[in-house]
Amino acid sequence: MDPAALKNSWALVAKSGDEVPLFFYSHLFLSHPEVREMFPVSMAAQRDKLVGALGAVVSNAAQLDEVVPFLQQLGRDHRRFSVIAEHYSAVGASLLATLQHFLGAAWTSELAADWAEAYGLVATVMVQAAEESAEETPAWWPGEVLGVDRRTMDVTIVQIRPQQPLAYQPGQSVALEIPYRPRRWRYFSPANAPRDDGSIELHIGLVPGGQVSGPAVRSLKPGDPVRLGAAVGDTLKLPDHGRKDILMVAGGTGLAPLRAMLEQLDRRTQPDDIPRVHLFHGARMPWNLYEHKQLTRLTQRPWFSYTPVVSDDRSYPGQRGLVGSVAAEYGPWTGHTALVCGSPSMVAHTVDELTGAGTPAADIRFESFGTTTSAGGQQ
Ligand SMILES: NC(=O)C1=CN([C@@H]2O[C@H](COP(=O)(O)OP(=O)(O)OC[C@H]3O[C@@H](n4cnc5c(N)ncnc54)[C@H](O)[C@@H]3O)[C@@H](O)[C@H]2O)C=CC1
């Protein structure tokens with residue numbers, strides 16, 4: 001397999017922008033109409049998700065070792081779409097046909113063989129993980145909304161109880177499907193450490209024009225049936241051992257997974273096991289600091305401190321500015337592990353600011369939410 005050829009050819013294809021997913025899905029649905037069922041009725045906002053993610057992952061298949069755990073999680077997670085081995089073949093065939101179409105004369109037999117091999121490796125890892133997990137866990141978890149707290153105009157806190165235990169680690173995400181938008185799954189991070197009764201708290205923020213977040217924030221009510229997917233994500237997590245101090249930087253509802261970690265730390269009984277944590281929570285407007293009271297209360301713990309940051313309200317009397325810039329100014333964060341979560345642009349900005357202020361990139365952990373994929377797309 002020639003890694004450079006895979007990467008370069010994918011970069012070339014990606015230049016054709018929206019044309020690529022359009023061709024891919026037309027090919028997929030024409031050749032395998034039965035697969036259409038697995039995607040939302042309206043495909044408008046979904047088009048680029050699957051093929052974009054596939055191209056990115058498969059063209060990096062030479063470093064497969066690094067992404068195996070991620071692919072395994074993805075394989076398990078995709079069981080909620082009833083994805084079976086034959087579907088992987090259908091998707092692979094359409095991917096190759098798409099590449100051939102856009103690469104024209106550059107689609108040589110060597111390149112075709114490399115792509116086929118790379119896709120085969122990726123799909124095998126996913127299929128195997130899915131098959132193994134089928135023995136122990138359901139394809140998706142039916143659940144029920146227990147409670148809804150419309151905390152601000154833009155944020156609803158939802159409590160959900162899955163019918164069967166759904167294992168996750170603070171920092172991971174689970175896909176959610178609400179009855180008002182069938183088959184439009186979106187990822188959210190549980191905001192609580194695992195509870196005895198298995199219930200999960202999700203922080204759902206209103207995305208302007210969002211097809212799912214609108215009804216999720218405005219219409220979800222106790223008793224509503226929902227579905228949840230398997231937990232995914234392996235980069236945003238507490239350091240395993242030691243008492244290395246922690247810096248947390250959250251943008252908006254990106255606070256959720258960090259809150260789950262705070263709860264996890266708060267349960268530790270040995271003071272020596274609890275690192276010192278400083279959290280910056282950024283919001284555009286003061287009322288979007290939707291956990292201000294709870295976080296202020298938590299500052300009674302000797303190990304926790306917190307700085308709210310507001311970016312778009314000049315009259316705000318506290319810290320103003322972009323949360324990543326403010327966090328970097330408070331540094332240097334030498335010897336800390338930094339955990340960053342929020343929108344992709346907020347995360348990119350924060351990582352830039354922290355590294356610019358001297359924090360080693362290796363000490364910064366973040367989950368790039370936008371790149372986790374699903375058959376039906378997300379976000
Ligand atoms: N709900 C959940 O469970 C999770 C949500 N997320 C993501 O967190 C994000 C939360 O979005 P919102 O609540 O709407 O927050 P928001 O977009 O209103 O922004 C919150 C903070 O991020 C800063 N910010 C926004 N754009 C920025 C940029 N381009 N550069 C630097 N700073 C920027 C703002 O100034 C503010 O401090 C969403 O993208 C969501 O997907 C991530 C993980 C879990």
Side-chain angles (χ1 to χ4, degrees), residues 45 49 149 151-160 168-176 178 185-192 200-214 216-217 220 228-229 231-237 248-263 279-292 306-314 316 318-329 339-354 356 365-374 377-379:
K49 306 289 184 190
D149 172 8
R151 195 65 69 76
T152 74
M153 282 176 280
D154 303 328
V155 179
T156 290
I157 312 279
V158 184
Q159 308 288 338
I160 292 171
Y168 69 91
Q169 293 294 327
Q172 289 193 302
S173 308
V174 295
L176 171 76
I178 59 172
W185 296 78
R186 294 291 184 275
Y187 285 97
F188 296 95
S189 296
N192 59 295
I200 290 175
E201 173 177 320
L202 302 181
H203 295 179
I204 306 185
L206 201 60
V207 177
Q211 306 243 11
V212 174
S213 69
V217 168
L220 267 186
L228 296 156
V232 294
D234 53 12
T235 57
L236 192 68
K237 55 186 173 194
M248 292 182 169
V249 188
T253 54
L255 176 66
L258 303 179
R259 246 260 337 242
M261 292 178 195
L262 290 173
E263 241 182 71
L279 165 73
F280 292 87
H281 184 209
R284 291 176 197 272
M285 300 302 283
W287 51 85
N288 292 134
L289 294 165
Y290 64 93
E291 285 276 277
H292 185 63
Y306 150 67
T307 307
V309 183
V310 168
S311 58
D312 295 11
D313 173 12
R314 283 165 174 264
Y316 182 67
Q319 276 295 335
R320 285 196 307 273
L322 294 176
V323 64
S325 312
V326 173
E329 276 162 27
L339 303 169
V340 182
C341 193
S343 64
S345 52
M346 175 269 168
V347 169
H349 176 259
T350 303
V351 172
D352 267 5
E353 291 284 80
L354 291 178
R365 300 179 179 191
F366 57 92
E367 193 75 74
S368 196
F369 223 51
T371 58
T372 313
T373 179
S374 71
Q378 60 121 13
Q379 294 299 300

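Whatever order the structure lists ligands and atoms in, that order sets their numbers, starting from 1. From a predicted model like this one, the values you see are computed outputs, not experimental measurements. Index from 1, following the sequence.
When non-hydrogen atoms are compared, ligand 1 lies under 4.0 Å from the side chain of A256 (C-beta onward) but not from its backbone. Only backbone heavy atoms of A283 (N, CA, C or O) come within less than 4.0 Å of ligand 1; its side chain stays farther off.
Annotation for ligand 1: atoms under 4.0 Å from non-hydrogen atoms of G251 are 8 (O), 10 (C), 20 (C), 21 (C), 22 (O). Of all atoms in ligand 1, listed by their number and element, those nearer than 4.0 Å to a heavy atom of G282 are 20 (C), 21 (C), 36 (C), 37 (O). Every atom of ligand 1 with a heavy atom of F188 under 4.0 Å away is listed here by number and element: 1 (N), 3 (O). Less than 4.0 angstrom separates some heavy atom of H349 from each of these atoms of ligand 1: 30 (N), 31 (C). Counting atoms of ligand 1 from 1 in the listed order, those under 4.0 Å from a heavy atom of C341 are 42 (C), 43 (C).
In terms of heavy-atom proximity, S173 sits nearest to Y187 at CB-CD2, 4.2 Å.
Using a 3.5 Å distance cut-off with no hydrogens or angles, the side chains of T307 and Q319 do not pair a donor with an acceptor.
Residues meeting the salt bridge (charged side-chain N to carboxylate O under 4.0 Å, His left out) test with R320, sequence neighbours left out: none. A search for side-chain hydrogen bond (donor to acceptor under 3.5 Å, both in side chains) contacts involving E263 returns R259, not counting sequence neighbours.
The heavy atom nearest to atom 17 (O) of ligand 1, out of those in R186, M285, M346, R284, is found in R284. One option in S343, G205, G252 has a heavy atom closer to atom 20 (C) of ligand 1 than any other, and that option is G252.
Residue contacts with ligand 1 do not include G324, since none of its heavy atoms lies under 4.0 Å from the ligand. Heavy atoms of V309 come nearer than 4.0 angstrom to ligand 1 in no pair at all.
At under 3.5 Å, not a single nitrogen or oxygen of G321, backbone or side chain, sits near a nitrogen or oxygen of ligand 1. Checked by distance only, ligand 1 and D312 stay at 3.5 Å or farther apart across all their nitrogen or oxygen atoms.
Side-chain atoms of T235 do not come within 3.5 Å of backbone N or O of R365 as any donor-acceptor pair. Under the 3.5 Å distance criterion, the side-chain polar atoms of S189 are left unmatched by any main-chain donor or acceptor of P257. A donor-acceptor contact shorter than 3.5 Å is absent between the side chain of E201 and the backbone of N192. Proximity of a side-chain donor or acceptor of T253 to a complementary backbone N or O of G205 within less than 3.5 Å is not detected.
Relative orientation of the H292 and Y306 rings is tilted, given thresholds of 30° and 60° on the angle between their planes.
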